[in-house]
Amino acid sequence: MTSKVLDGGWGWAIVAASFMAQFLAYGSPQSVGVLYPEWLHTYQQGKGLTAWVGSLVSGVGLIASPICSACVDNFGARPVTIFSGVMVAGGLMLSAFAPNVEFLIFSYGIVVGLGCGLVYAATLTITCQYFDKRRGLALGIVTTGTSVGAFIYATAQNELTMLYGLHGCLLIIGALALNLMACAGFMRPLNMPGYYLKQKAALERNTEEQIFEKPQLGDLKMTAGSTTATPEKTLGVKELLITVDAKDLAIQTTKKKGSFFSGFDIIKVIKEKQQAYSKYIHSMSEILQDQVMVAFCIGVFMFSLGAFPPGLFIEDVAQSQGLIEEVSLIPLVSIGAIAACVGKLGLGILVDIRWINSIYLYAFTMFAGGVALLIIPLTNSYLGLQILSAIVGFANGNWSLTSYITTKIVGLEKLTQAHGIVMFFGGFGIILGPPVVGWFFDWTQSYDLAFYFSGSVVLLGAFLLTLLTLPCCNGKCPENDKPEVLYSSSCDKVASVA
């Protein structure tokens, strides 16, 4: 890859296509709070059960991030985006004919949620491949597509529901999501995906008839654009797994042509596979032994558990308290979405300041969001709910800090595994949060206790994160310096960051 390719040219077309892909995929899921009252009225089910729809569509993609990352690494951004377009559009259109909430949980919550996870991984990966020095700016533009989509889709879904009903709204939104396949057409790959690398390696080794000759099995080094042997370099976890899979594929291919292999050779490949996966598991366990990393995972989980439900329930809160009869022209969900967009950009600027500690900045956003959640039950005006929605939305912008903080804690070498762990905890909290709040309402017929619980959980998470990361508690000196990021043309780790 030449330097002329990076930081400009077709890269800006990639940014525009990725922005639109996130806009189209996440527009409806991020503004699902507008659809939630309609589902309650249509299906007449409990709020706890119905809340699973909104929680799964946002949490499934995070929990399945390792799978989504593997798909992008192996098949590339363009095929994955095309497939995700089919999933998102199909799930939305299928939801229009859902006979009950249980079917809606599958069609909207799981199918659309997995499609969104694939889009997010693909767009961040292809953007990183085309940018080096301007990578931060490019990724910032791309990720704001989710917030802009939520802001516009909240109003659009409200208007479409009034004009065409809930079923017509979902059909139209699903049809718009088909444009994801058009966005995929712009995603021209720069690096050959892992699946094709393995095929190429197997073909070359088979042609030269040197599968178990020079170079030896442990000498093959797979890189983003080469299959040369570099025995003097140490293989990373991902490279080792790809190498072993390539050799295994080569064995299978040559066996089909009648070549004879001893059982010793096959056992040797199996042992290398076991060693590769053992190395991966050991790397994961080392990450979880870091006290700061564990504290950050707990903080992300508790923030997701408490701060995500307002986006789903805030419209129903306003209607149940009699502050408004129906969703306004600019819904509370839209206010929270645009505040989250401002939060992502603002917090991203603040974290670049040398003397600001990124972990304590994250804890401060948790504290502000927790206090706002505790005040929501005490609010008696629609204007008050608008202000509190903006505060909680701004706090939700701290998602832009997760990759930065993770890199600071574990370094770039372990970023792939570590960020996958963080996203798992975040997705788990998002999945549990809305049903818990809905169950509180079904039990007490009021949102007061539910929001007191949510606010308390977030404040407790902020306290634990601050306490466990103090130098006197973890035995480490505070590091306020920005982590050194080594720019490279390869973007293997970014798919997992998604």
Side-chain angles (χ1 to χ4, degrees), residues 13-14 16-32 35 52-99 102-127 129 142-143 145-146 148-150 152-153 156-157 160 164 166-189 193-196 427 495-496 498:
I14 296 294
S18 300
F19 175 89
M20 286 303 302
Q22 292 201 13
F23 175 89
L24 293 168
Y26 280 91
S28 181
Q30 290 291 317
S31 58
V32 70
L35 300 176
W52 278 106
V53 181
S55 65
L56 285 173
V57 74
S58 298
V60 164
L62 294 177
I63 288 183
S65 59
I67 300 175
C68 298
S69 303
C71 291
V72 176
D73 284 341
N74 281 279
F75 302 105
R78 179 182 286 170
V80 169
T81 304
I82 292 174
F83 181 72
S84 64
V86 176
M87 289 189 66
V88 174
L92 289 169
M93 293 181 180
L94 199 60
S95 300
F97 305 99
E102 289 79 5
F103 187 89
L104 198 64
I105 289 174
F106 166 75
S107 61
Y108 195 97
I110 297 178
V111 176
V112 177
L114 286 176
C116 290
L118 291 171
V119 169
Y120 202 79
T123 52
L124 262 65
T125 301
I126 192 68
T127 300
Q129 288 178 351
V142 170
T143 54
T146 58
V148 175
I152 295 178
Y153 268 68
Q157 289 184 145
L160 290 174
Y164 305 105
L166 178 61
H167 304 308
C169 170
L170 290 173
L171 286 174
I172 294 174
I173 296 299
L176 289 175
L178 289 172
N179 288 287
L180 282 167
M181 290 183 280
C183 296
F186 291 87
M187 298 181 182
R188 183 176 60 200
Y195 174 78
Y196 302 103
S496 295

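These values consider heavy atoms only, across backbone and side chains, with no hydrogens, waters or symmetry-generated copies.
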Report task. Kindly write out the residues that satisfy side-chain contact (heavy atoms from CB on, under 4.5 Å) with I105, not counting sequence neighbours, or none if the list is empty. Result -> L49, W52, V53, L56, V101
Report summary line: With sequence neighbours left out, the residues meeting side-chain contact (heavy atoms from CB on, under 4.5 Å) with A156 are none
Query raised in the report: Does T143 offer a backbone N or O that forms a donor-acceptor pair with the side chain of T146 under 3.5 Å?
Result: yes
Report task. May I ask you to decide if C116's main-chain N or O and Y26's side chain share a donor-acceptor pair within less than 3.5 Å? Result -> yes
Nearest 0.5 angstrom please: [X] [atom1] to [Y] [atom2], how far?
X	Y	atom1	atom2	result
F23	N179	CZ	CG	10.5 Å
L104	L170	CG	CG	7.5 Å
M20	L24	CE	CG	4.5 Å
M87	L118	CE	CG	6.0 Å

Measure across [X] and [Y] and return the closest heavy-atom pair with its distance rounded to 0.1 Å.
X	Y	result
C183	A21	SG-N, 4.0 Å
I126	A77	CB-CB, 3.8 Å
T81	M187	OG1-SD, 3.4 Å
G113	V60	C-CG1, 4.4 Å
C71	V80	O-CG2, 3.7 Å
A89	G174	CB-O, 3.3 Å

Query raised in the report: So with a 6.0 Å cut-off around CZ of F19, is the heavy-atom count from everything else above 12?
Result: yes
Query raised in the report: For atom OH of Y164, is the number of surrounding heavy atoms from other residues, nucleotides or ligands below 6.0 Å larger than 12?
Result: no
Checking [X] now: which residues fulfil side-chain hydrogen bond (donor to acceptor under 3.5 Å, both in side chains) with it, not counting sequence neighbours?
X	value
Y153	none
S58	none
Q30	none

**Report entry** Test item: S28 and L35 side chains (from C-beta on) under 4.5 Å apart, heavy atoms
**Finding:** yes
Name the atoms and distances for all side-chain donor-acceptor pairs under 3.5 Å in residues 91-98, with sequence neighbours left out.
unit_1 : atom_1 : unit_2 : atom_2 : d
S95    : OG     : G91    : O      : 2.7
S95    : OG     : S107   : OG     : 2.9
S95    : OG     : Y108   : N      : 3.4

**Report entry** Chi angles and distances behind the side-chain contact (heavy atoms from CB on, under 4.5 Å) call for V32, Q157
**Finding:** CA-CA 9 Å; V32 70; Q157 289 184 145; over 6 Å; no
